2 protein chains.
Amino acid sequence: MSVRSDAAAKTRERLLEESLTLFSQRGYAATGIRDILKAAKVTQPTLYYHFADKASLFQALIERHYGESQEQLTATIDSQASVANKLLAFTTSSFEYCCADPRVPRLMFQTYFGATIPEIDGVLDKLTEKRFRLIVKVMEQGIQFGELSPSDPEFLALAFCSMVDQPINLFSRKSRPKKYLTPELAHAIVKLFLSGASIRTKNVTGP
Amino acid sequence: MSVRSDAAAKTRERLLEESLTLFSQRGYAATGIRDILKAAKVTQPTLYYHFADKASLFQALIERHYGESQEQLTATIDSQASVANKLLAFTTSSFEYCCADPRVPRLMFQTYFGATIPEIDGVLDKLTEKRFRLIVKVMEQGIQFGELSPSDPEFLALAFCSMVDQPINLFSRKSRPKKYLTPELAHAIVKLFLSGASIRTKNVTGP
DNA sequence: CTCTTAGTATACCATTCGGTATATGTTACG
DNA sequence: CGTAACATATACCGAATGGTATACTAAGAG
């Protein structure tokens with residue numbers, strides 16, 4: 001790494017960092033290139049030296065952060081043996097990741113659930129699908145090994161991901177996600193998913 | 001109703017109808033006033049005769065449709081006695097409402113979860129809060145009357161609403177929401193919420 | 001020493017945005 | 001009949017958009 005290209009990497013980094021802040025706050029469409037330039041203290045030709053256009057900058061941003069979180073998540077799940085613990089690890093890890101830098105989930109959810117942007121469309125689809133498949137696998141294991149009652153693993157994954165992601169989505173928009181996305185909440189979600197909310201009276205399945 | 005004001009109501013209606021289609025597809029920011037004019041076959045001064053500005057048109061649109069769905073939902077819940085049936089009615093009713101016109105939930109979720117739009121901010125907050133409170137009440141009843149095991153009713157409502165709303169949000173973006181948001185899915189969600197996913201082995205609470 | 005990299009500053013482009021102005025027309029109601 | 005409601009057509013506004021062009025510079029690399 002030469003001094004020259006090292007400095008270049010730093011400006012590139014500054015562009016990504018500042019655009020993360022702005023995109024996550026105002027969204028892709030409402031964030032002007034000039035806003036980013038001002039925040040990163042860079043002139044317009046410089047931005048177009050590092051990135052082909054606005055969409056490329058955005059895409060680079062998404063892919064970097066999604067890759068990060070995906071790796072972390074996979075490792076955390078694999079470190080656990082039982083399905084219950086895998087799900088708990090998935091939840092707490094997702095919560096922690098959100099609390100560490102709420103800009104990231106905020107950008108993701110906002111882009112995924114917000115208005116369709118033609119230039120960006122489909123960028124997130126493959127990435128979210130990958131994360132979903134991770135949980136489907138866990139559910140399949142759970143059914144196979146007798147931890148979960150036999151049912152559609154895709155349905156279970158959808159329901160569970162909903163219970164995890166919706167709170168992240170909601171609270172990452174608030175001022176203090178850390179106040180809400182606690183380990184206690186993670187635990188409560190997993191427990192509810194596994195055991196349900198109803199009072200269980202003499203409902204025995206075993207012999 | 002005079003003939004005159006009746007024709008006026010029809011143009012107003014046409015503006016709302018076409019803007020619903022466009023806003024739900026492209027979102028508020030990306031939908032230009034000119035797009036709406038072209039679709040509704042109306043000139044610009046006419047729009048500004050009926051609505052003060054773009055934001056007012058949008059707000060009128062939101063409030064109309066949210067009011068509709070809210071009334072329907074409250075009535076459906078009240079028509080049921082047990083908590084289990086209330087939750088099932090809430091879910092199926094929400095699904096049906098989405099299938100009847102996916103543009104509506106699509107607009108709602110997109111606006112709520114999408115990028116913050118200063119002119120619109122807070123319009124949906126009170127409305128979604130109202131819907132949430134509806135479910136909190138049901139949970140409180142369920143705990144009080146011994147149908148649900150004692151726990152935080154707000155947490156239960158959050159989890160349940162997540163399981164219902166996230167699929168609506170996801171599938172209202174697809175081409176055929178009716179294929180996915182079936183009564184069977186509604187039933188499965190309620191059952192999962194009440195009974196959980198784990199195999200229940202000799203887990204008796206009663207005497 | 002020269003060439004390339006990574007930048008700056010400034011100016012400009014066409015297009016679109018939400019919104020307004022003005023002037024004209026139709027038509028139903030009092 | 002006259003007036004007010006509801007509409008048309010056309011033209012315009014300032015501001016902002018994403019993106020480009022030109023000219024110039026600092027400095028490390030070969």
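Any value given below was found using the heavy atoms of this structure, including those in side chains, with hydrogens, waters and symmetry copies removed. Every chain is numbered from 1, with letters handed out A, B, ... down the list of sequences. Nothing here was measured: the structure is a model prediction, and the numbers come from that model.
In this structure, Glu68(B) has no salt bridge (charged side-chain N to carboxylate O under 4.0 Å, His left out) partners at least two apart in sequence or on a different chain. Scanning for salt bridge (charged side-chain N to carboxylate O under 4.0 Å, His left out) contacts around Glu17(A) gives Arg103(A), with sequence neighbours left out. The side-chain contact (heavy atoms from CB on, under 4.5 Å) test applied to Ser149(B) returns Ile199(A), not counting sequence neighbours. Shown here are the side-chain contact (heavy atoms from CB on, under 4.5 Å) partners of Ala55(A), two or more places apart in sequence or in another chain: Tyr28(A), Asp53(A), Glu119(A), Ile120(A). The salt bridge (charged side-chain N to carboxylate O under 4.0 Å, His left out) search around Arg26(A) returns Asp35(A), not counting sequence neighbours.
Remark: Thr46(A) is not in phosphate contact with dA6(C), judged by side-chain N or O atoms under 4.0 Å from OP1 or OP2. The phosphate of dC6(D) (OP1 or OP2) has no side-chain N or O of Thr11(B) nearer than 4.0 angstrom.
Nucleotide dT8(D) holds its C1' atom 12 Å from the NE2 atom of His50(B), rounded to whole Å. Regarding Arg14(A), its CZ atom lies at a distance of 11 Å from the C1' atom of dG7(C), rounded to whole Å. Spacing between atom OH of Tyr28(A) and atom P of dT17(D) amounts to 13 Å, rounded to whole angstrom units. Taking atom CD1 on Ile120(B) and atom C1' on dG18(C), their separation rounds to 13 Å, with Å as the unit. Rounded to an integer number of Å, the gap from CG of Leu15(A) to C1' of dT8(C) is 14 Å. Between the CG atom of Leu22(B) and the P atom of dC17(C) there is a distance of 12 Å, rounded to whole Å. With rounding to whole Å, Tyr49(A) atom OH is found 3 Å from dA6(C) atom P. In this structure, Phe51(B) places its CZ atom 13 Å from P of dG19(C), rounding to the nearest Å.
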Practice prompt. Go through the steps to decide whether Leu127(A) and Tyr112(A) satisfy the test side chain to side chain contact (heavy atoms under 4.5 Å, CB included), and finish with yes or no.
Written response: CA-CA 11 Å; Leu127(A) 299 170; Tyr112(A) 191 73; over 6 Å; no
Expected list for residues 40-49 of chain A: side-chain donor-acceptor pairs under 3.5 angstrom, two or more places apart:
residue	atom	partner	partner atom	Å
Thr43(A)	OG1	Thr46(A)	OG1	3.2

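Of the residues in residues 35-42 of chain A, those lying under 4.0 Å from DNA chain C by heavy-atom distance are Lys41(A), Val42(A).
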Collect all protein-nucleotide pairs involving nucleotides 19-25 of chain D in which both atoms are nitrogen or oxygen and the distance is under 3.5 Å.
residue	atom	partner	partner atom	Å
dG19(D)	OP2	Tyr48(A)	OH	2.8
dG19(D)	OP2	Lys54(A)	N	3.2
dG19(D)	O5'	Tyr48(A)	OH	3.4
dG19(D)	N7	Gln44(A)	NE2	2.4
dG19(D)	O6	Arg34(A)	NH2	2.6

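Sorted by first then second residue, the ring pair (Phe, Tyr, Trp, His ring centres under 6.0 Å) pairs that include residues 162-188 of chain A, not counting sequence neighbours, are Phe171(A)-Tyr180(A).
The distance from atom SG of Cys161(B) to atom CD of Gln166(A), rounded to the nearest 0.5 Å, is 8.5 Å.
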